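Only one structure is covered here, and it is reproduced in the block below.
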Number of protein chains: 2
Amino acid sequence: MPKHERKIQMDFYVYVDTVVLTVNPDREIAPKDRLEVLVMRRPDASSNRWALPGGAVKEGEPLEDTALRKVHEETGISLRHKDLHQVGAYGDPGRDSRWRAFSIAYLALLPHPGEIAPIKHSVEARFMPYRQLQASRVLEFDHHRIIADARARAFSMLEDTPIAVSFCQPKFTMSDLRMVYEAFLQDEVDAANFRRKVELTKNFVQPLGVMSSDQPTPGRPPMLYRAGRAKEITPPIRFRSSPRKD
Amino acid sequence: MPKHERKIQMDFYVYVDTVVLTVNPDREIAPKDRLEVLVMRRPDASSNRWALPGGAVKEGEPLEDTALRKVHEETGISLRHKDLHQVGAYGDPGRDSRWRAFSIAYLALLPHPGEIAPIKHSVEARFMPYRQLQASRVLEFDHHRIIADARARAFSMLEDTPIAVSFCQPKFTMSDLRMVYEAFLQDEVDAANFRRKVELTKNFVQPLGVMSSDQPTPGRPPMLYRAGRAKEITPPIRFRSSPRKD
DNA sequence: GCAAAAGTGTTGGCGCTACACCCATGG
DNA sequence: CCATGGGTGTAGCGCCAACACTTTTGC
C-alpha cells in the first residue's frame with residue numbers, strides 16, 4: 001500500500017452515493033413495481049435527469065457519515081448508521097466526464113413513507129419505482145448499474161438476515177413481510193410456506209397476539225408481529241426458482 | 001454527486017489492495033489450514049509486518065488495472081482481469097495513520113503454485129495460511145478485516161458460480177474440487193453427495209477420459225475433469241450446517 | 001336486516017426432491 | 001487406501017385444499 005511516495009493524486013474525487021430502497025405496501029400495485037428508489041434532481045440539472053443522493057467526502061469524515069449527511073441535506077430523510085450497507089466502489093475512468101471520480105455506494109433500507117416525503121429543500125427528491133427507472137434510463141453517471149447492484153445485494157441479505165423487517169412498520173403483518181420478499185424476488189411467494197419458514201426461524205419475528213384494527217379491510221384480520229432480535233437467519237430463507245417452467 | 005465545487009480533497013489517496021487466495025492441495029494439511037493468502041513484506045517495513053499487495057491508482061487507470069499491476073510488481077504473479085472480484089471499499093479516517101487513505105479491495109482466486117513462487121523482487125512475498133494470519137495479527141492497517149471479507153465473499157461465490165475451478169489446475173480430480181469447498185467451509189464434505197451435485201450441474205465440469213497418471217497414489221485412480229463453460233450454478237450448491245450437533 | 005358471496009389470513013396434508021449418512025465395489 | 005456408485009431415511013418445501021374471520025353485495 002502506501003509507500004513514501006509523492007502526492008500525485010490531486011485531481012481525484014471521492015464521493016459517496018446512497019441507494020435508499022423502500023417497498024410500497026399498496027396492494028393495487030403489481031409486486032414487480034413495489035420496489036422504489038429515492039432519487040433527486042439537481043437544481044442545475046437538465047429536466048428528466050435524476051441522480052442518487054450523494055456527494056464528496058469531507059476531510060476526516062467516515063464514509064457512512066457522508067452518506068447520512070448527503071441524504072439528509074438533499075432529501076430531508078434521516079437515516080441511521082445501522083441502516084447502511086456498503087454495495088461497492090465505482091471508479092472507472094470516464095464514469096464522470098469532468099474528472100476522475102470514485103464513488104463508494106451504500107444501500108439503505110427504509111419503511112415506506114405514507115406519502116412522498118415532503119421535501120423542503122432546494123433540490124427535488126422523490127421515490128420512483130425501480131423498474132421504471134431501469135426501463136427509462138434517466139439516471140446520471142453509472143447510477144443504473146449502482147442501483148442494480150444494490151438491489152442484488154439487498155436480495156441476498158433478505159435470504160440470510162432478518163433485514164426484511166427494516167422495510168416494515170414497527171408493527172407489521174405476515175403479508176407485509178412477505179410482500180417485501182416478493183418485491184425483490186419479482187415474483188409471488190406461497191403464503192403458507194412463507195409463514196412456516198418465518199415462524200420456524202428463532203427470533204426472526206415476535207408475535208403480538210393482537211389483530212390489526214387499522215382501516216376495516218375485507219378478510220380475516222391478520223396477526224401482528226414485531227421484529228425479533230435475531231441477527232441472522234439459520235437456515236437461510238431461500239426461494240427456489242427451479243420448478244418454474246423454463 | 002459531483003456538484004461544481006472547488007477541489008478540496010487534495011490530501012486524499014486512493015489505493016487498491018488485492019487478496020490473492022489459493023488452496024493448498026497437500027493432503028497432509030488439515031482442511032482448515034489449506035486456505036492461503038498472498039502477502040508481502042516491504043523493504044522498509046519492520047520485520048514481522050506483512051501487507052497485502054497493493055498501491056496507489058494512477059491517473060486514468062482503471063481500478064482493476066491497478067490491482068493487476070501492483071500484484072505483478074510486488075509479487076511477480078500475473079493475474080487476469082477475469083480473476084478479479086471486488087470485495088469493497090475501506091476508508092475510515094485513521095486506518096492509515098499518515099493521511100486519509102481509501103482502499104478498494106479486490107479478490108483473486110489462483111491455483112496453488114507448487115512451491116512458494118520464486119519471487120525475484122525487492123520485496124519479499126509468499127503465501128501464508130489464512131488461519132495463521134488471523135491468529136497472529138501481523139498484517140498492516142485493516143488488512144485483517146479485508147482478508148476476512150474476501151474469504152466470506154469467495155465462499156458465497158463458491159455456492160452459485162463455478163469459480164471453485166479457478167483454484168484448481170487445468171486438469172483436476174473431484175477431490176481437488178471438493179477440497180476447495182472444504183477449505184472455505186472449514187469442514188469436510190461428503191464425497192458421494194458432492195460428486196452428484198457437481199455432475200448434475202450442467203457445464204460445471206467436463207469429464208476427460210480417465211486417470212491421473214501423476215504420482216501413483218494409494219487408492220483407486222481418480223477421474224480427471226476440466227472446467228465447463230457454465231457461468232453460474234443452478235441450483236446453487238449449498239451445504240447445510242443444521243444437522244450438525246449443536 | 002339477513003343470507004350469500006367475496007376477500008384475506010391461517011392451518012393441514014400430499015408428494016416430490018435434496019441430501020446426510022451408510023455401505024458395497026473397484027482399482 | 002481412495003474413488004466411485006448405490007441405497008435409505010428424513011427434512012424441506014411446492015402445491016393445493018380446507019377452514020376462519022371479516023367486509024361487501026343482493027334481496
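Order of the sequence lines sets the chain letters (A, B, ...), proteins ahead of strands, with each chain counted from 1. Computed over heavy atoms, backbone and side chain alike; hydrogens, waters and symmetry mates excluded. Everything numeric in this text was worked out from a predicted model, so none of it was measured.
Without hydrogens or angle criteria, A/Glu182 side chain to A/Pro31 main chain gives no donor-acceptor distance under 3.5 Å.
Closest contact between the side chain of B/Arg220 and the listed nucleotides D/dT23, C/dG9, C/dG27 involves C/dG27. Comparing C/dA20, C/dG9, D/dG14 by their closest approach to the side chain of B/Lys197 singles out C/dA20. Comparing C/dG9, C/dG27, D/dT23 by their closest approach to the side chain of B/Pro221 singles out C/dG27. Here the side chain of A/Asp190 is nearest to one of D/dC1, D/dC16, C/dG9, namely D/dC16.
Taking atom CD of B/Glu182 as the reference point, atom P of C/dA20 lies 13 Å away to the nearest angstrom. Residue B/Arg238 contributes atom CZ, which lies 16 Å from atom C1' of C/dT17 at whole-angstrom precision. Between the OH atom of A/Tyr181 and the P atom of D/dC13 there is a distance of 12 Å, rounded to whole Å. Between the CZ atom of B/Arg178 and the P atom of D/dC2 there is a distance of 11 Å, rounded to whole Å. Computed from coordinates, the B/Leu185 CG to C/dC19 P distance equals 14 Å when rounded to whole Å. Atom-to-atom, CD1 of B/Ile237 to C1' of C/dA20 comes out at 16 Å; the value is rounded to the nearest Å. Separating the CZ atom of A/Phe194 from the C1' atom of D/dC16 is a distance of 20 Å, rounded to the nearest angstrom. The separation between A/Met179 atom CE and C/dT8 atom C1' is 12 Å, rounded to whole Å.
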Tabulate protein N/O versus nucleotide N/O from nucleotides 13-16 of chain C, keeping only pairs under 3.5 Å, one per line.
residue: C/dG13; atom: O6; partner: A/Arg196; partner atom: NH2; Å: 3.0

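The side chain to side chain donor-acceptor pair (under 3.5 Å) contacts involving residues 226-236 of chain A comprise A/Asn203-A/Arg229, where partners must be two or more places apart or lie in separate chains.
A close approach under 4.0 Å does not occur between any side-chain nitrogen or oxygen of A/Thr217 and OP1 or OP2 of C/dT8. Here B/Ser175 reaches the OP1 or OP2 of D/dA3: one of its side-chain N or O atoms lies under 4.0 Å away.
Atom-to-atom distance recorded for A/Glu159:CD and A/Tyr181:OH is 8.5 Å, nearest 0.5 angstrom. Note: A/Met179 CE to A/Glu188 CD = 11.5 Å, rounded to the nearest 0.5 Å. With rounding to the nearest 0.5 Å, the separation of CG in B/Leu21 from CZ in B/Arg153 is 12.0 Å.
Nearest heavy-atom pair, B/Phe184 versus B/Ala154, reported as atom, atom and distance to 0.1 Å: CE2-CB, 3.5 Å.
Using modelled atom types and a 3.5 Å distance limit, the side chains of A/Asp17 and A/Tyr90 yield no donor-acceptor pair.
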